[in-house]
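Ligands are counted one by one from 1 in listed order, and the atoms in each one are counted from 1 as well. Along the sequence shown, the residues carry numbers beginning at 1.
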Amino acid sequence: MICILGGTFDPVHFGHLRPALEVQQALGVPVVHLLPCRTPPHRPAPRAGAAQRLELLQLAVADEPALEIDTRELQREGPSYMVDTLESIRAEQGETPLCLVLGADALLGLESWHRWQDIPALCHLVVMQRPGARASTPRALVDRLNSTHVTDSRALHERSAGCVIDIPVTQLSVSSTQIRDLLAAGKSPRYLLPDPVLERITQEKWYAD
Ligand code: ATP
């Protein structure tokens with residue numbers, strides 16, 4: 001089974017890393033692939049460039065074999081549509097079960113994504129509860145996605161796509177926005193993200209206004 005966690009990672013923080021590791025363990029997969037987008041279609045352009053965000057991700061996962069980086073969106077021109085990414089993985093992996101891991105906030109916006117109706121046929125949706133979000137995905141949304149809500153992760157291994165599962169993760173109320181705001185205000189975001197990531201940001205004065 002392949003698991004990907006897409007995001008802007010502007011910059012990566014413990015609210016990405018710890019839940020990703022918990023999902024990896026909960027689903028019993030060897031690796032979760034962190035998949036940075038190049039040009040997010042639904043939000044303003046990232047503050048840091050693709051190469052910078054990738055470098056920070058590499059520092060963040062350098063000593064964690066259960067977290068890898070998938071750079072396919074960074075190599076693709078134009079908006080980073082998740083449906084294109086899922087199709088490219090599907091073309092490589094055939095019928096292997098494929099999981100898109102996302103925070104509950106991201107799931108609630110899924111119906112605004114490019115060709116969102118095609119997504120449930122391409123992957124399972126693995127939803128990480130985020131602080132402030134409800135504990136389980138609304139039933140009406142699961143129905144609109146034409147998906148099946150499951151509670152046992154073994155079900156994900158039995159089909160290649162089309163399930164939604166909620167995975168409880170440690171609630172870390174950290175966001176990239178918070179970190180960018182702290183840095184822009186000249187304050188320290190230490191202990192919200194890995195030290196090597198912060199060291200690099202500080203060294204290069206990234207995110208300092
Ligand atoms: P920003 O503040 O710039 O919007 P972000 O902190 O939400 O960024 P993203 O890179 O946009 O980070 O998030 C990538 C994915 O990780 C999304 O699916 C998001 O819901 C999830 N995520 C981000 N932060 C957390 C967190 N603290 N806990 C659980 N999931 C998170």
Side-chain angles (χ1 to χ4, degrees), residues 3-27 32-50 52-61 67-74 79-83 85-86 98-114 116 119 123-138 141 145 164-185 187 189 191-194 197-198 201 206-207 209:
C3 281
I4 60 167
L5 167 57
T8 313
F9 302 106
D10 188 28
V12 61
H13 54 70
F14 286 137
H16 299 124
L17 297 165
R18 178 66 207 169
L21 194 60
E22 292 180 355
V23 165
Q24 177 260 328
Q25 291 171 75
L27 300 189
V32 167
H33 300 269
L34 307 181
L35 201 147
C37 67
R38 178 186 175 116
T39 312
H42 303 288
R43 48 181 289 163
R47 268 294 308 270
Q52 297 167 329
R53 291 180 288 118
L54 175 60
E55 190 181 332
L56 298 178
L57 269 172
Q58 284 165 337
L59 288 168
V61 302
L67 299 179
E68 288 184 4
I69 304 169
D70 185 322
T71 59
R72 74 185 65 221
E73 286 192 355
L74 300 182
S80 304
Y81 293 125
M82 181 52 76
V83 70
T85 302
L86 295 168
L98 171 58
C99 296
L100 172 60
V101 182
L102 72 184
D105 58 316
L107 180 80
L108 291 179
L110 187 110
E111 287 164 290
S112 66
W113 294 11
H114 181 61
W116 66 269
I119 291 180
C123 63
H124 299 304
L125 297 169
V126 175
V127 186
M128 308 180 290
Q129 191 196 348
R130 203 166 168 179
R134 45 195 286 174
S136 118
T137 300
L141 176 56
L145 292 170
V164 176
I165 190 167
D166 294 300
I167 301 284
V169 293
T170 302
Q171 298 293 283
L172 297 167
S173 183
V174 186
S175 69
S176 300
T177 304
Q178 176 192 13
I179 292 170
R180 291 194 302 273
D181 288 349
L182 286 167
L183 288 163
K187 294 181 181 164
Y191 307 130
L192 298 177
L193 71 177
V197 174
L198 178 56
I201 288 173
W206 291 336
Y207 303 103
D209 261 358

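Side chain of E22 to backbone of T170: a donor-acceptor contact under 3.5 angstrom is found. R47 places no side-chain N or O within donor-acceptor distance of the main-chain N or O of P11, the cut-off being under 3.5 Å. Side-chain atoms of T39 do not come within 3.5 Å of backbone N or O of S80 as any donor-acceptor pair. In this structure, the side chain of T71 does not engage the main chain of L74 through any donor-acceptor pair within 3.5 Å. Side-chain N or O atoms of Q171 include one that pairs as donor or acceptor with a backbone N or O of V169 at under 3.5 Å. In this structure, the side chain of R180 engages the main chain of D10 through a donor-acceptor pair within 3.5 Å.
Between S173 and ligand 1, not a single N/O pair is under 3.5 Å apart. Among the atoms of R43, some N or O lies under 3.5 angstrom from an N or O of ligand 1. Not a single N or O atom of L102, backbone or side chain, sits closer than 3.5 Å to an N or O atom of ligand 1. Between V174 and ligand 1, a contact under 3.5 Å exists for at least one N or O pair. Residue G6 places no N or O, backbone or side chain, under 3.5 Å from any N or O of ligand 1.
Each of the following atoms of ligand 1 lies closer than 4.0 Å to a heavy atom of G15: 24 (N), 25 (C), 26 (C), 27 (N), 28 (N), 29 (C), 30 (N), 31 (C). Close approach of ligand 1 to G7 is summarised as follows: ligand atoms under 4.0 Å from at least one heavy atom of the residue are 10 (O), 14 (C).
One option in A20, G103, G109 has a heavy atom closer to atom 17 (C) of ligand 1 than any other, and that option is G103.
Residue R180 places a heavy atom under 4.0 Å from ligand 1. Using a non-hydrogen distance threshold of 4.0 Å, H13 registers as a contact of ligand 1. Ligand 1 is approached by T8 to a heavy-atom distance shorter than 4.0 Å.
Of all heavy-atom pairs between R38 and P46, the closest is O-CG, 4.3 Å.
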